[in-house]
Amino acid sequence: MKRVIIIILAIICGLYTVTHLEFIGTGKVGVVYSMSKGVEDKTLDQGVHFVGPFKKVKEFTIGNEQIVMTKDKREGSKGNDSFQVATADNANIRISFQMSYRFLPDRVVDTYKKFKGMNGEDIVEQRVKTVLKSEVSEVTTDFEMMDIYSGNRAEINNKITDYLNKSFQEKYGIEVIDASIIDVHPDEQLEKSIKNRITALQKKQQAKAEQETVKVEAETKLIEAENEAKVKIKKAEAEAEANKLKEKSLTEEVLKQKLIDKWDGKLPAVNGSSNNLFGLDSFVK
């Protein structure tokens with residue numbers, strides 16, 4: 001009989017122990033609450049823990065998790081979870097979005113208290129996701145529709161990440177590691193408007209390119225004309241300088257020598273004239 005009682009007690013103790021074991025998953029911590037002591041400051045790390053019968057444990061993710069809100073079914077997206085955001089040019093454009101996040105380990109106890117016993121998953125589903133659309137719109141309203149559709153998406157995503165990280169750390173004790181618009185889904189009317197803008201932009205760019213070409217050609221011709229004028233000026237200056245040197249070299253002695261060089265030794269026969277004709281007697285002397 002005693003053996004039976006021992007076996008029964010062992011089974012009861014075993015069942016009690018098993019039913020009061022709490023398993024904390026990888027990348028998570030557990031916040032412990034009891035009616036007598038309230039919320040405990042120390043959290044439970046990953047692994048198996050024995051928890052008293054009057055205690056409750058709520059899990060929070062301190063490893064990286066993702067929120068995926070897409071038009072098609074992807075991991076974490078239940079269906080068409082895409083949503084609309086506002087833009088600086090008063091357009092509304094539908095986007096697919098994802099965010100990597102984690103609860104800050106040193107803040108989970110305060111977060112648990114703040115949200116009155118909700119666990120991390122409930123906070124994300126019932127609090128974070130409900131404000132996510134408006135929070136993202138706070139950033140997209142600084143950008144025009146075309147910036148979001150085909151512009152520098154990396155810049156926009158960086159600003160969204162910074163904004164959400166600051167906001168969610170303060171409100172939920174959540175660190176946002178990365179947040180990004182991964183796709184854009186304009187409706188038929190908006191898509192038509194986008195195509196018209198793209199066409200107009202292409203025409204504008206083409207006109208600008210043509211204007212640049214004309215400008216370059218005009219500048220090239222001007223440079224060529226200026227260079228040609230400079231060449232002519234240099235040439236004229238050279239000729240003037242040569243003439244000036246030539247004039248300086250034509251002295252009276254040089255002219256007389258040239259006359260002597262050309263004289264054949266005969267004096268012209270002119271009545272009443274002398275050898276001094278044209279001053280040549282002075283040359284002979």
Side-chain angles (χ1 to χ4, degrees), residues 4-70 73-83 97-136 138 160-180:
V4 173
I5 294 173
I6 292 171
I7 292 173
I8 293 172
L9 289 174
I11 293 173
I12 293 173
C13 290
L15 290 174
Y16 178 85
T17 301
V18 170
T19 55
H20 289 84
L21 289 178
E22 190 73 33
F23 177 75
I24 306 299
T26 303
K28 296 182 178 181
V29 295
V31 178
V32 182
Y33 168 81
S34 66
M35 292 293 292
S36 59
K37 294 182 180 180
V39 181
E40 296 182 8
D41 293 331
K42 187 177 180 181
T43 58
L44 303 179
D45 298 329
Q46 67 180 53
V48 179
H49 301 268
F50 178 78
V51 179
F54 302 106
K55 293 183 179 182
K56 294 182 179 180
V57 179
K58 299 288 185 178
E59 287 188 338
F60 288 81
T61 298
I62 59 170
N64 293 358
E65 293 285 351
Q66 271 197 334
I67 293 175
V68 181
M69 303 175 72
T70 59
K73 290 184 179 180
R74 304 185 192 181
E75 184 180 355
S77 184
K78 298 177 181 178
N80 184 358
D81 293 330
S82 61
F83 56 91
F97 176 84
Q98 70 179 22
M99 184 181 84
S100 298
Y101 71 94
R102 71 183 189 112
F103 283 91
L104 294 168
D106 58 343
R107 298 273 300 277
V108 291
V109 171
D110 291 335
T111 301
Y112 179 86
K113 292 177 181 178
K114 181 177 181 179
F115 291 95
K116 304 184 185 309
M118 295 175 69
N119 64 17
E121 185 178 349
D122 290 338
I123 292 172
V124 170
E125 290 295 324
Q126 299 176 28
R127 296 289 190 272
V128 174
K129 283 188 176 181
T130 57
V131 302
L132 193 57
K133 301 172 186 179
S134 60
E135 294 277 358
V136 174
E138 288 292 327
I160 291 174
T161 300
D162 292 341
Y163 183 85
L164 293 181
N165 185 44
K166 182 178 179 180
S167 176
F168 287 178
Q169 281 202 34
E170 181 181 346
K171 293 177 180 176
Y172 311 110
I174 288 177
E175 177 187 9
V176 176
I177 301 161
D178 176 72
S180 57

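Note that the coordinates shown come from a computational prediction; the quantities given were computed from them, not determined experimentally. The figures that follow rest on heavy atoms only: side chains count, while hydrogens, waters and symmetry mates do not.
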Asks: So how far is it from L132 CG to D81 CG, rounded to the nearest 0.5 Å?
Replies: 11.0 Å
Asks: Please name all residues satisfying ring-ring contact (aromatic ring centres under 6.0 Å, His included) with F115, sequence neighbours left out, ordered by chain then number.
Replies: Y172
Asks: Quick one: list whatever passes side chain to side chain contact (heavy atoms under 4.5 Å, CB included) with Y33, sequence neighbours left out.
Replies: M35, V39, Y112
Asks: Distance from Q98 atom CD to T70 atom OG1, nearest 0.5 Å?
Replies: 9.0 Å
Asks: Rounded to the nearest 0.5 Å, how far apart are CG of N119 and CZ of F60?
Replies: 6.5 Å
Asks: Can you confirm whether L164 sits close enough to Y101 that some side-chain heavy atom of one is under 4.5 Å from a side-chain heavy atom of the other?
Replies: no
Asks: For the residue pair V124 and E65, establish whether any side-chain heavy-atom pair is separated by less than 4.5 Å.
Replies: no
Asks: What pairs with K171 under salt bridge (Lys or Arg N to Asp or Glu O under 4.0 Å), at least two apart in sequence or on another chain?
Replies: E135
Asks: Going by side chain to side chain contact (heavy atoms under 4.5 Å, CB included), name the residues that satisfy it together with D162, two or more places apart in sequence or in a different chain.
Replies: none
Asks: Who are the side chain to side chain donor-acceptor pair (under 3.5 Å) partners of Q169, not counting sequence neighbours?
Replies: N165
Asks: Among all residues two or more places apart in sequence or in another chain, which pass the salt bridge (Lys or Arg N to Asp or Glu O under 4.0 Å) test with E121?
Replies: none
Asks: Taking the side chain as everything from C-beta on, heavy atoms only, tell me whether F103 gets closer than 4.5 Å to I123.
Replies: yes
Asks: Got a sec, which residues hit side chain to side chain contact (heavy atoms under 4.5 Å, CB included) with K133, two or more places apart in sequence or on another chain?
Replies: M69, F83
Asks: Just grab all the salt bridge (Lys or Arg N to Asp or Glu O under 4.0 Å) pairs involving residues 99-108, residues at least two apart or on different chains.
Replies: R102-E175
Asks: Restricting to non-hydrogen atoms, name the atom on D178 and the atom on S180 that form the minimum distance, rounded to 0.1 Å.
Replies: OD2-OG, 3.9 Å
Asks: Quick check on K113: does its NZ atom have over 12 non-hydrogen neighbours (other residues, nucleotides or ligands) under 6.0 Å away?
Replies: yes
Asks: By salt bridge (Lys or Arg N to Asp or Glu O under 4.0 Å), which residues pair with K28, not counting sequence neighbours?
Replies: E59
Asks: Partners of E138 by side chain to side chain donor-acceptor pair (under 3.5 Å), sequence neighbours excluded?
Replies: none
Asks: Hey, could you give me the CG/CD1 distance between L104 and I62, rounded to the nearest 0.5 Å?
Replies: 10.0 Å
Asks: Does any N or O in the side chain of T161 come within less than 3.5 Å of the main-chain N or O of A179, such that one atom is a donor and the other an acceptor?
Replies: yes
